[in-house]
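Just below is one structure, and these are the notes that go with it.
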Amino acid sequence: MIARLALALACLPLCGADFAIPADYLREVEPPPFWVGDVDGVARFLETRVRKGKVTRIGVSAGGRPILAVSYGTPRLGKGTSTYSGSLGFGDIRAFLGPQAAKKVHVAMAGVHGGEFEGIVGLVNLISVLESGKDLRGKPWPAIAEAAAAIDRIVIVPVANPDGRARVPVRMLAHRGEDHTVQEYFNTGGRRDGKLIGWPQCKEHIPLDFSTTQFPGGYPNDAGVNIQHDDFLSPRRQPETEAVLRLASEERPDLMLNMHTGASFIQPLRTFMAPAMMPHFDAFYRRVRGRLAREGLQSSDDPAAAGDPARERVMVYNLDTALHLVSGTLAILVESPAHGFSRSKRTGAPFRHTPEDLLNAQLLTHEEALGFLRESNGLAGWNPARR
Ligand SMILES: [Zn+2]
């Protein structure tokens, strides 16, 4: 009986109240109405505001929370004649994509790390645009609506790691000038003495034993695993990982974005993937960062300087690599600036992204991503099998 009770308690989802977070860190500001970025707020939004899209549960987290997706349009129907790996050996990805290889499919997800709210807020507002033409401020985004209409299928996963997001018990942090301590604490966690675990030290222990921490941060799910670095090829992989890998495998998306927070200005990162995909990453990078520079939302206002992809080194093998390897997708992690602290522009001039700026940067990124996909040849034309 006691053993059963202990098991039941161990399976209860964890929340912020289970940890001794310093009271000052919990200081919040009342978020503007468009800032929908917590698990319950997102679920409420999906339930009450999605009419054109279809809301589905693509999985259940380690802590028992649903992982929700919204889809628009019709997927690639029919299967190919080969596996993705087989299509690479054959030399043409169309053998994997199947009879509707020419369709365009886009997937975007956020909240892989629970302390990173900007991408979640961005995707909720993107859904609002797809539903009504306007974001939650009432601002119209006609270019998003137009590009989306030309894409056959769009799937959005606003919170891929609901355990991590639910553990971070704030909706909007107080702004702390240039001090990133609190943001970092909610991301990578604090050791038992309260000192930051820090990045990349947070990756030394996967799974993370929460009893070694004061607060484990928003990176891991309730099983302690940062799914950005799960054991992808193992049958023991986490349910969140399983859900997004299955989604990629079934949808076979041309482009798949993984929205994070962790840069001074919006920064797409170069995934470890087939070399044939790199020119397309470069084109995406130039387009997104160039646009943001023209809008004053980059470290440099010069689109050529801000949009130079040569600065982006190939990352290590991670979730985005795994998503690429199950589907061929051009998988790109996009880092956002944070709302809780600010950095300077390249000139040294201090620059504070307001919550409005952060949302604009997110939606401009999605506008350029959709435009990029619409105008490109897509996965069938990029053909990662090309040597
Ligand atoms: Zn992250």
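Numbers here simply count residues along the sequence, with the first being 1.
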Any salt bridge linking [X] with [Y]? Criterion: basic side-chain nitrogen under 4.0 Å from a carboxylate oxygen.
X: R311; Y: D308; answer: no
X: D302; Y: R294; answer: no
X: R191; Y: D193; answer: no
X: D282; Y: R270; answer: yes
X: D152; Y: R374; answer: no
X: K52; Y: E131; answer: no
X: D222; Y: R65; answer: yes
X: K104; Y: E375; answer: no

Is the ring pair H180/F341 parallel, tilted or perpendicular, if the boundaries are 30 and 60 degrees?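 Because their plane-to-plane angle lies in the 30° to 60° range, the rings of H180 and F341 count as tilted.
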
Once you measure the plane-to-plane angle for Y285 and F281, does it fall in the parallel (<30°), tilted (30-60°) or perpendicular (>60°) bin?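 Because their plane-to-plane angle lies in the 30° to 60° range, the rings of Y285 and F281 count as tilted.
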
Step through it carefully: locate the ring centre of [X], locate the ring centre of [Y], and say whether they are under 6.0 Å apart.
X: F210; Y: F215; answer: no
X: F96; Y: Y84; answer: yes
X: W35; Y: H339; answer: yes

[X] atom [atom1], neighbour heavy-atom count above 12 within 6.0 Å:
X: K134; atom1: NZ; result: no
X: Y317; atom1: OH; result: yes
X: F232; atom1: CZ; result: yes
X: R94; atom1: CZ; result: no
X: R237; atom1: CZ; result: yes

For [X] and [Y], indicate whether the former's side chain and the latter's backbone hold a donor-acceptor pair under 3.5 Å.
X: H175; Y: G177; answer: yes
X: N221; Y: I227; answer: no
X: D254; Y: G378; answer: no
X: S234; Y: R236; answer: yes
X: Q100; Y: L77; answer: yes
X: R76; Y: K103; answer: yes
X: S132; Y: V129; answer: no
X: K79; Y: G98; answer: no
X: R165; Y: V168; answer: yes
X: T48; Y: R44; answer: yes

Could you please spell out the steps behind the salt bridge (charged side-chain N to carboxylate O under 4.0 Å, His left out) verdict for E30 and R171? CA-CA 8 Å; E30 183 61 29; R171 291 171 303 156; 3.2 Å; yes

Please tell me if the side chains of [X] and [Y] come closer than 4.5 Å, counting only heavy atoms from C-beta onward.
X: F284; Y: P279; result: no
X: T74; Y: R153; result: no
X: P169; Y: I21; result: yes
X: D231; Y: Q238; result: no
X: L68; Y: V157; result: no
X: F186; Y: R167; result: no
X: F351; Y: P337; result: no

Check whether the side chains of [X] and [Y] place a donor and an acceptor atom closer than 3.5 Å, and report yes or no.
X: Q228; Y: N258; value: yes
X: Q267; Y: E312; value: yes
X: R289; Y: Q298; value: yes
X: H260; Y: E335; value: no
X: T241; Y: D230; value: yes
X: S376; Y: H280; value: no
X: W382; Y: N377; value: no

Rounded at 0.5 Å granularity, tell me how far [atom1] in [X] sits from [atom2] in [Y].
X: E251; Y: S327; atom1: CD; atom2: OG; result: 10.5 Å
X: I120; Y: D38; atom1: CD1; atom2: CG; result: 8.5 Å
X: R137; Y: N125; atom1: CZ; atom2: CG; result: 7.0 Å
X: H229; Y: T321; atom1: NE2; atom2: OG1; result: 9.5 Å
X: T188; Y: W199; atom1: OG1; atom2: CH2; result: 10.5 Å
X: L130; Y: L370; atom1: CG; atom2: CG; result: 7.5 Å

Quick one: do L123 and V105 end up in the same hydrophobic cluster if we chain Ile, Leu, Val, Met, Phe, Trp and Tyr together by side-chain heavy atoms under 4.5 Å apart?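 Different clusters: L123 never reaches V105 through Ile, Leu, Val, Met, Phe, Trp or Tyr contacts under 4.5 Å.
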
Going only through I, L, V, M, F, W and Y residues with side-chain contacts under 4.5 Å, is there a path from Y72 to L247?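 Yes; tracing contacts between hydrophobic side chains, which count when under 4.5 Å, links both residues.
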
Minimum heavy-atom distance [X]-[Y], with the two atoms named:
X: A101; Y: A380; value: O-CB, 3.8 Å
X: A69; Y: I58; value: CB-CG2, 3.7 Å
X: E295; Y: L364; value: CG-CD1, 3.7 Å
X: A108; Y: H366; value: CB-CE1, 4.5 Å
X: G307; Y: P309; value: O-CD, 3.0 Å
X: F372; Y: L255; value: CD2-CD2, 4.2 Å

I need the single residue from M256, M277, R252 that forms a side-chain contact (heavy atoms from CB on, under 4.5 Å) with T329. Which is it?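 Running side-chain contact (heavy atoms from CB on, under 4.5 Å) over M256, M277, R252 with T329 returns exactly one hit, M256.
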
Kindly indicate, with the supporting measurements, whether the criterion side-chain hydrogen bond (donor to acceptor under 3.5 Å, both in side chains) is fulfilled by D163 and S61. CA-CA 7 Å; D163 293 353; S61 73; 2.6 Å; yes

Starting from L269 and following side-chain heavy-atom contacts under 4.5 Å between hydrophobic residues (I, L, V, M, F, W, Y), which residues can be reached?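 When side chains under 4.5 Å apart are linked, the cluster holding L269 also contains M315, L333.
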
